[in-house]
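From a predicted model like this one, the values you see are computed outputs, not experimental measurements. Throughout, protein chains are lettered first and strands after them, A, B, ... in sequence-line order, and every chain is numbered starting at 1.
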Amino acid sequence: MKRRKMLVRMITASLLRRRSRMLVALLAIAIGATILSGLVTIYVDVPQQMGAQFRNYGANMIFMPAEESFTDADMQESLSTISSKELVGATPYQYNTVRIHEQPILAAGTDMAAVQKTSPYWLVEGQYPAKTHEILVGKNVAESLELSVGESVTVSFTPEDKSKLDSTIDFQITGILNTGGSEEEYVYVSMEDMEELTALPAHLDIAEISVSAGSAQLQTYVDEINAGNTDISANLVKRVTASETTVLSKLQALVLLVTVIVLALTMICVATTMTAVVSERRSEIGLKKAIGASDSGIIAEFMGEGILLGGLGGILGSVVGFAFAQFVSVNVFGSYISFRLLLLPITIIVSIAVTSVACLLPIRSATSVDPALVLKGE
Amino acid sequence: MSLLEFQNVFKIYGDLHALDDVSFTVDRGEWISIMGPSGSGKSTMMNMIGCMDKPTKGNILLDGVDVAKEPAKKLTDIRRDKIGLIFQQFHLVNYLTALENVMLAQYYHSIPDEQEAMEALERVGLAERAKHLPSQLSGGEQQRVCVARALINHPEIILADEPTGNLDDANEEIVVDLFRKLHEEGTTLIVVTHDPEVGDVAQRQIVLRNGKIARQTVNQNFTGHIRFTE
C-alpha cells in the first residue's frame, strides 16, 4: 500500500468514525460557507435585482429633439445602440393641445403597451386604451371636467393653419390615470389617433427610455447615441440614475462588509472548533510521535482532515447558500436568481483556505506535544 | 558491544535527582526488567531509553550512538527505527481498526503492508479481530494489538511500560508468553513493571530506588514463563 493511500485511509477514518466530533466542525464550516456563498450571490446579484426594482420608478433616459422634433425611425436607430437585454422599454410621446368641453387640455400620443413598461408605477382606474378612439384621462382632468370611465368624450384639435377646419374625434374613456404627478394633467391617446386628430406629419417630441444598467454603462449609451444621431439629444434622468447609484453602492458596501465580517467570524469559529478537536487528541498526537511520526507527518494528517472538512463544508455551503440566496431574493426582490456555477469552486476554495488558515495555529501547537506524556499515561 | 549503555546518567529537576549517576548495560537479545517503587526514576529512565528525554549529564549509547547528544528530529528517527513501544494504557488510535493501528507504525516507519500487518496480528492471535475498532476489543486484545504494532517494524528493542498493569492473569500470561517468543527470536526486551511476577520472568532485574540502581539481579532459573504466586 502506498503511503498516500494510507494517509487518505487515516484521514477518512478519522472523519467517518468520529462522526459526532467532526460533524460539529463540518457544521461550523458549512454554516460559514453557506452565509459566504449566499451573501456573495446576493452581492453579485444586487445590481441586477435592484436595477429591475429601480425600473419600477420610471425611465432613466430621455430622448429629446436636438432641434425641433425627431421621428420614430430616429428613435429606433438610437435604441439599437442599447443592448436588448438591458432595454426594458421605450415610450414615444407627441404632445398637442386639444380641447375637451371647450377647455384646452394637453394630449399625449403614445404607445400604450410601451408606457406600461417604462412607467409601471402608473395607477389606472379602469383600463389602458387598447383600441382606436379610446382615451386615458389624467385624474385632475377627469375631476375638473367631471369625466368618468365608460363615458364618451369629444376631443377637438385646432390646426395652426387657420384656413383649416377643426378636427374632432369621439373617444371612449377606458381609464383614469392616477400618478400623483404632472401626468394627471394630461390625456393619453394612441399615436395613430393623435395623427388622425391632428393630421400633422409623424414626429415625436420626447421619448422615455428605461434601461437596466449601471450609471457608467448608461452614460456610455448616452454618449454613443449623441455621437450617432444628430436629431436626438439623449440625456440621463440624473435624479433617478444618481439615486440608483448611491443606493446600489451603499447596499453593495453593506453586503460586502457583512460578508467580510462573516468570513472573519467563520475563521474564528473554525479555529476554535479545530483547537478543541486538536486538544482533545493530544494523547493521540503524543502516541503518534512516540511511535515515530514526524512533525510534518502530524501536520499532513491534520491539514488533510482540515482540507477535507473545508471541501465538504464548501460543497454543502454552496448548495445551502444558493438556497439561502434564493430565499432572500424571492422574499426581498420577488424574483428568482440563477445558480452561478463559478461560485461553487470559489466557495470550496475559500472554505478550504479558511479552514487551513484556522487549522494552522492548533496544528502548530499539536506538534509541540511531548510524546513522553503518553508513556506517563497523562 | 552492548546494545544499550547508560554511562553515569543524571536527570536533575531543580533539587530533585530523578536519576542519580546511573550506569548499566543491556546486551543484544537480553530480557531486562526495570523495577522499583513510585518515584524511583523508572519513568525517567524509560523516557530516556525511548529517546523521549535527554539526561542532564552523562551518555546513553544506543547501538553505538550517543542519543543524549542527538537533536529531537534525529531522536524521532532513532525511536522509529530501533524501538517498539508498549504502553500500560495500550494507546491505540480509537478510530482505526486493529489492523490499521498496526499499519500506522509501518506508515511512520516506511511503507504500509497490509499482509505483513495481518501476519503480525496472527502472531498475537488476533487475525479474526483485525477489522475491529479498539472499543470493540477487550483490554487483553488491545494490549496484543499494541504488541503487534511494537514488533511490526522489527525493532532492536521492545520497550514496555507496565505492559500487564491493566490486564487480568489470563491476559498477563498471554502477553508474557508473547514476550518469551520475541526473546527466543532474539529481540531485546526492556520491561518496566511494578509487578514482581512479570519482573521475575526477565533474565535480569534492575531495581531502582531514589534515582539510583539499588540492585541488579540475574535470574538463574530463567525460563521465560510466568509463575503466579498464590
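Within 6.0 Å of CG on A/L361 lie no more than 12 heavy atoms contributed by other residues, nucleotides or ligands. Under a cut-off of 6.0 angstrom, the local environment of CZ in A/F327 is sparse, with at most 12 non-hydrogen atoms contributed by other residues, nucleotides or ligands. By the 6.0 Å contact criterion, CD on B/E128 is open, its count of non-hydrogen atoms from other residues, nucleotides or ligands being 12 or less. Atom CG of B/D81 is surrounded by more than 12 heavy atoms from other residues, nucleotides or ligands within 6.0 Å.
The NE2 atom of B/H109 lies 12.0 Å from the CD1 atom of A/I291; values are rounded to the nearest 0.5 Å. Taking NZ from A/K288 and CG from B/L104, the interatomic distance works out to 6.0 Å, rounded to the nearest 0.5 Å. Between atom CG of residue A/L287 and atom CG of residue B/L85 there is a gap of 9.0 Å, rounded to the nearest 0.5 Å.
Considering only heavy-atom pairs separated by less than 4.5 Å from chain A, the leading option among B/R149, B/E162, B/Q88, B/K73 is B/R149.
The shortest heavy-atom contact between A/A290 and B/M52 is CB-SD, 4.2 Å. The shortest heavy-atom contact between B/L96 and A/A13 is CD2-CB, 3.8 Å. In plain terms, the two heavy atoms of B/R80 and A/G292 that are nearest each other are NH1-O, 2.9 Å. Taking each heavy atom of A/M6 and B/M103 in turn, the nearest pair found is CE-CB, 3.7 Å.
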Next item on the list: Give the C-alpha distance, both sets of side-chain angles, the deciding distance and a yes or no for salt bridge (charged side-chain N to carboxylate O under 4.0 Å, His left out) between B/E114 and A/R9.
Entry: CA-CA 12 Å; B/E114 196 162 338; A/R9 191 167 167 175; 3.3 Å; yes
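With hydrogens and angles ignored, the 3.5 Å screen pairs a side-chain donor or acceptor of A/R3 with a backbone N or O of B/S110. At least one donor-acceptor pair under 3.5 Å links the side chain of B/R79 to the backbone N or O of A/K289.
Using a 4.5 Å cut-off between heavy atoms, A/L7 contacts chain B through both its backbone and its side chain. Proximity to chain A (any heavy atom under 4.5 Å) is shown, for B/I83, by neither the backbone nor the side chain. Contact annotation for B/T97: both backbone and side-chain heavy atoms come within less than 4.5 Å of a heavy atom of chain A.
A/R281 and B/Y95 share a side-chain donor-acceptor pair at under 3.5 Å.
Inter-residue side-chain proximity for B/V93 and A/M10 is flagged as unmet; no heavy-atom pair is nearer than 4.5 Å.
We find that B/E100 and A/R17 are joined by a salt bridge, their nearest charged nitrogen and carboxylate oxygen being less than 4.0 Å apart.
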